[in-house]
Amino acid sequence: MTFDPIDLGSFWMPKQSSTIAEEIDTAYYIVYWLDVVMFVALMGALAYFLWKYKRRGPKDKLSDVTHSTTLEISWTIIPTILVIGLFFVGLKGWMKAMVAPGNSLEIRTTAEMYMWTFTYPNGNVSVNELVVPKGQPVKLIMSSKDVLHSFFVPEFRVKQDVVPGMYTTVWFEAIENRETVLFCTEYCGVGHSDMLAKVRVMEKADYDNWQETGLLPGEKPLPPAELGKKLFATRSCNTCHSLDGSRIQGPTFKGIFGRTEQMADGSSVKVDENYIRESLLEPNKKVVQGYPAVMPTYKGLLKETDIDALIAYLKTVQ
Ligand code: CUA
């Protein structure tokens, strides 16, 4: 999967694309500049003292100063005040980041090796593509089907572990109509670096239209084979199936339609419409010999028209 590069809004940070991003960056820069000032002051003092107190000859005597109460109190009190100040800066942002506003749009989010599935309040599902309206708080209720994953959208400055057997949540409010990228940021297996998804932020009206029709702004319905090609790329099929005959985790799709495959149970199957359909919905029923039975089911994730489109596309892959 390819994405536009992240927009580097500033020297250190990606563009700020959520309501919380600015506050998080401010907290970061406070710590950053404090560190710069302290580093320069410390190293400057070190260099100055090296020069000033160098023993220049046998007659140079050691100073008999043993301590300075003023100095000791100030180097205790000043850093303590600074650190307490930093605590409150962090606490304020953290509380805001932890508590989703009551009017949030709730999207159920499921992570698994190696894809993201989003289920919207009306039951619509999208895979590896999170679509949200601009200017509305969105709360993701997340869980994992297998191992630890982690949800990370750099431009939104939000990151949260996604854990099997429990729910974790994250919320954000996008402030600009744009596309950005969502990473899995917890090493979860060989496909970890491919576990990306696209985040699309759009006007509320366009979002409602997408929910209704599945069409993005300015998009017209695609012919089946083209829709299938798009689904192949966006639904993670390409993570496990190649188009050029090379072996990845699953059989290649080069010349798949009409091919006769040897199954793990010794039977053989001619790949036709029904076999492709069955393999999408019940992938581990008839597994090709020599391949692990690891494909996740797409039941409930693909509409009938999507399945038709994938079949139409696979016929074209020669
Ligand atoms: Cu999922 Cu890394």
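If you read the sequence from its start, that first residue is 1, and numbering goes on from there. In each ligand, atom 1 is the first atom listed, and ligand 1 is the first ligand listed.
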Salt bridge or not between Lys254 and Asp244? Use side-chain N to carboxylate O under 4.0 Å.
no
Treating Gln262 as the side-chain partner and Gly266 as the backbone partner, does any N or O pair qualify as donor plus acceptor under 3.5 Å?
yes
Closer than 2.8 Å to atom 1 (Cu) of ligand 1 - protein N, O or S atoms, ordered by chain and residue number:
His149 ND1, Cys184 SG, Cys188 SG, Met195 SD
Please table the atom pairs, donor to acceptor, closer than 3.5 Å between any side-chain atom in residues 159-172 and protein atoms at least two apart or in another chain.
residue : atom : partner : partner atom : Å
Asp161  : OD1  : Ser150  : OG           : 3.3
Thr168  : OG1  : Asp161  : O            : 2.8
Trp171  : NE1  : Lys96   : O            : 3.0
Trp171  : NE1  : Ala97   : O            : 3.3
Trp171  : NE1  : Val99   : O            : 3.2

Given ring-ring contact (aromatic ring centres under 6.0 Å, His included), test Trp210 with Tyr120 step by step and report yes or no.
CA-CA 12 Å; Trp210 178 82; Tyr120 300 83; 5.3 Å; yes
Assess Lys315 against Phe257: is NZ or CZ under 6.0 Å from the centre of the six-membered ring, and within 45 degrees of the ring's axis?
yes
Quick test of your reading of the model: are Glu176 and Lys15 salt-bridged, counting only N-O distances below 4.0 Å?
yes
